[in-house]
Trainee: 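Dumping the structure here so I can ask a few things about it.
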There are 2 protein chains.
Amino acid sequence: MAKHKTPRVRQLEALMAVINNGSVTAAAADLGISQPAASRLLADLGKEFGFQLFNKREGQMVPSQEVRLLQPDIQRVLELMRQISEVSRDITNRKAGHIRIACLPGFATSHLPDIVADFLQDRPGVSMTIEPDRPERILEWMIGEQFDFGITDGFVGHPAVDRQDVQVRSVCVFPDGNELAEKSVISPADLAGRSIIHTRKESDFYLQLSRIFQDAHVALNSRIEVRQFTAACELVCNGVGVSVVSELDAVKYAGRGLSFRPFAPSLPHAISLVRPTLKKPSLVTLEFIEYFTKSLQPYLIAP
Amino acid sequence: MAKHKTPRVRQLEALMAVINNGSVTAAAADLGISQPAASRLLADLGKEFGFQLFNKREGQMVPSQEVRLLQPDIQRVLELMRQISEVSRDITNRKAGHIRIACLPGFATSHLPDIVADFLQDRPGVSMTIEPDRPERILEWMIGEQFDFGITDGFVGHPAVDRQDVQVRSVCVFPDGNELAEKSVISPADLAGRSIIHTRKESDFYLQLSRIFQDAHVALNSRIEVRQFTAACELVCNGVGVSVVSELDAVKYAGRGLSFRPFAPSLPHAISLVRPTLKKPSLVTLEFIEYFTKSLQPYLIAP
DNA sequence: TAAATCGCATAATACAATGTTATAAATTTG
DNA sequence: CAAATTTATAACATTGTATTATGCGATTTA
């Protein structure tokens with residue numbers, strides 16, 4: 001069997017340069033090398049190919065028919081090579097890559113989109129997958145390494161998953177114009193008798209909330225049970241009642257028919273930021289996680 | 001501006017080899033080089049790219065997300081490089097290329113297609129353009145170097161066109177079963193009184209034919225005037241008359257309702273095989289011309 | 001036509017890329 | 001933990017890619 005010696009890219013570059021410039025001298029200048037260097041690249045390539053590359057005609061180097069046959073392929077190779085180095089450069093500049101994020105449905109519609117939009121602003125090469133689902137599913141995905149980053153809550157821990165917990169402040173939300181706006185801080189007593197919209201009774205957040213009301217000897221007037229803070233906010237906007245939600249969601253609705261005030265005693269909304277332990281994260285992923293964590297800072301309960 | 005240092009193909013080959021084989025050692029074996037050599041190619045590439053290429057995991061080299069992003073492009077580059085060297089090899093083996101042929105309409109439908117089919121049989125990489133037209137147009141095309149090879153007649157010569165003239169035997173064609181079949185050679189006298197189908201009265205071939213009849217003191221009973229020998233043959237098949245045509249065309253119709261016998265005195269059908277003088281022909285073109293010329297041998301008047 | 005000019009090819013040579021073997025370091029496996 | 005396997009590093013040979021100097025052939029110019 002004959003040796004499959006592929007030509008070198010440099011030779012192909014020289015070839016295309018001559019085709020485009022019409023002379024070896026001009027091609028050499030174009031490539032930024034000396035004329036003999038180009039001359040030799042061509043001589044070598046011609047020898048390896050086994051046929052004439054150019055026909056001299058009235059001072060012009062005219063590509064032979066054989067070369068013309070190969071020209072499209074050669075052009076594509078050079079383009080691809082250029083693209084590869086370009087993309088690799090973008091990657092190191094954290095400007096390209098793909099990040100797969102799994103999150104709770106609430107996040108997919110409130111805080112996360114804003115942050116993602118900001119992040120992608122000056123990273124045109126970066127793409128993302130955002131997949132909202134239940135916490136158990138998110139855990140599975142992390143273990144299976146199908147996602148790079150997860151935002152969940154009520155997380156119990158797993159050896160294959162790195163976690164970082166943050167505690168977001170909770171606030172009391174009420175319709176614009178409600179007399180609660182006169183208070184600077186809202187306590188359970190202030191909500192006595194009011195219709196309260198809250199998360200699922202099994203949720204950790206609701207358990208904490210009801211305990212606080214219990215400790216304050218105030219009856220929790222449960223009106224509507226929702227799955228997400230955003231749904232609660234929507235309902236509050238519609239005047240159905242008041243609620244205690246994560247400040248992250250509250251700020252999104254402020255100015256859209258809803259006001260909020262701090263809620264005391266402190267009721268932390270615990271979020272876990274998770275990552276597959278074994279999977280080495282890409283540079284963009286790390287950068288995004290850092291970016292996202294920073295975006296949460298203003299809403300965190302000081303440790 | 002940053003340096004546009006494209007990676008080297010060898011590095012990309014090593015990268016793909018590791019991806020495909022799961023280990024550097026196996027990749028090195030695959031590439032037919034030592035393990036340290038492969039190791040270094042990867043180290044260099046990683047340094048040039050500026051990011052981790054692989055993550056070790058339970059003995060397996062798992063490509064990083066960044067690499068996966070580049071992988072399709074890299075694969076295409078390597079495929080194209082392989083293809084380029086393959087095609088170049090085919091070219092030197094005269095197994096690839098493109099040939100543009102201009103010919104008289106008669107040739108496009110009779111002798112040429114058979115030869116072309118044979119020629120292309122074991123040259124899958126070769127493609128052809130066959131353009132039939134009038135002799136003047138063929139001359140133009142040769143001068144303009146828009147075609148590689150031409151088959152024409154009544155050619156007057158031109159400095160920019162190489163010619164090679166051949167003289168094909170002419171034969172008398174008549175319908176199967178005609179009593180002319182009893183003769184082994186046909187002369188003008190045998191055709192006295194018969195309807196004769198012939199080419200245009202201005203054509204060189206007709207002029208020769210009528211001169212022969214004149215010299216033999218036989219009246220040429222002109223019945224139908226056609227432009228091509230093939231048309232004459234068709235008419236003969238239909239019993240409209242007899243004709244004197246190039247043997248090339250006669251053999252195509254033999255067994256399709258028509259027989260033929262040599263015609264005497266000798267009436268050469270002069271064909272010119274032409275080529276642009278200045279244009280350097282490709283290797284396949286030269287080979288085809290030789291192939292075609294050889295195919296005419298059995299029909300030529302011995303010189 | 002001789003000389004000058006232009007463009008390409010070749011020669012001698014420097015340095016970087018790419019391969020080799022030998023060997024150390026790290027990791028997986030029994 | 002030791003043995004085996006795999007990867008990384010070091011020292012060095014070979015080849016590829018550039019350099020400058022120079023020769024050769026074709027077209028231009030005097």
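Quick note on labels: first sequence line is chain A, next is B, and so on, each numbered from 1. Every heavy atom of this structure was used, including side-chain atoms; hydrogens, water molecules and symmetry mates were not.
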Trainee: Just to be sure I understand the rule, does B:Arg10 reach a base, reach only the sugar-phosphate, or reach nothing, if contact means heavy atoms closer than 4.0 Å?
Mentor: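 Sugar-phosphate: the residue B:Arg10, judged by heavy atoms under 4.0 Å, touches backbone atoms but no base.
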Trainee: Once the angle between the rings of A:Phe107 and A:His111 is folded into 0 to 90°, is it parallel (under 30°), tilted (30 to 60°) or perpendicular (over 60°)?
Mentor: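 It falls in the perpendicular class, over 60°.
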Trainee: To the nearest Å, how far apart are B:Glu48 CD and C:dA17 C1'?
Mentor: 10 Å
Trainee: Let me know the distance between CG of A:Leu12 and P of D:dT17, rounded to the nearest Å.
Mentor: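 A:Leu12 atom CG is separated from D:dT17 atom P by 11 Å.
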Trainee: Calculate the interatomic distance between A:Asp30 atom CG and D:dA18 atom P; express it in whole Å.
Mentor: 14 Å
Trainee: Calculate the interatomic distance between A:Lys47 atom NZ and D:dG16 atom P; express it in whole Å.
Mentor: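 After rounding, the reported distance stands at 11 Å.
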Trainee: Given salt bridge (charged side-chain N to carboxylate O under 4.0 Å, His left out), test A:Arg89 with A:Glu86 step by step and report yes or no.
Mentor: CA-CA 5 Å; A:Arg89 203 146 18 81; A:Glu86 221 172 88; 5.2 Å; no
Trainee: Within the pair B:Ser34 and C:dT20, is there a side-chain N or O less than 4.0 Å away from OP1 or OP2?
Mentor: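 Answer is yes, contact under 4.0 Å.
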Trainee: Whole angstrom is fine here: how far is it from CG in B:Leu42 over to C1' in C:dA17?
Mentor: 15 Å
Trainee: Between B:Gln35 and B:Asp44, who's closer to the 5' end of DNA chain C by nearest nucleotide?
Mentor: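 Here B:Asp44 is the residue nearer the 5' end.
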Trainee: Between C1' on C:dA12 and CZ on A:Arg40, what's the gap in Å once rounded to a whole number?
Mentor: 11 Å
Trainee: Indicate, with a heavy-atom threshold strictly under 4.0 Å, whether B:Leu41 touches base, sugar-phosphate, or nothing.
Mentor: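 Contact class for B:Leu41: sugar-phosphate only.
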Trainee: If you check the A:Ala37 side chain, which of C:dC8, D:dA18, D:dA21 turns out closest?
Mentor: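 Between C:dC8, D:dA18, D:dA21, the one nearest the side chain of A:Ala37 would be D:dA18.
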Trainee: Quick one: on DNA chain C, does A:Thr25 or B:Ile33 contact a more 5' nucleotide (nearest heavy atom)?
Mentor: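 In this pair, the answer is A:Thr25.
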Trainee: OP1 or OP2 of D:dT7 less than 4.0 angstrom from a side-chain nitrogen or oxygen of B:Ser39, does that happen here?
Mentor: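 No.
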Trainee: Tell me whether the centres of the aromatic rings in A:Phe149 and A:Phe292 are closer together than 6.0 Å.
Mentor: yes
Trainee: Could you check whether A:Ser272 and A:Asp165, counting side-chain N and O atoms only, form a donor-acceptor pair closer than 3.5 Å?
Mentor: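 Indeed, the side chains of A:Asp165 and A:Ser272 share at least one donor-acceptor pair under 3.5 Å.
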Trainee: To check you understand the geometry: which heavy-atom pair defines the closest contact between A:Asp148 and A:Pro276, and what is its length?
Mentor: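 That would be O-CD, 3.7 Å.
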Trainee: Within this structure, what is the CG-to-C1' distance between A:Leu45 and C:dC8, rounded to whole angstrom?
Mentor: 16 Å
Trainee: A:Asn55 has an atom CG; how far is it from atom P of C:dC8, in whole Å?
Mentor: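 Checked: the CG to P distance equals 14 Å.
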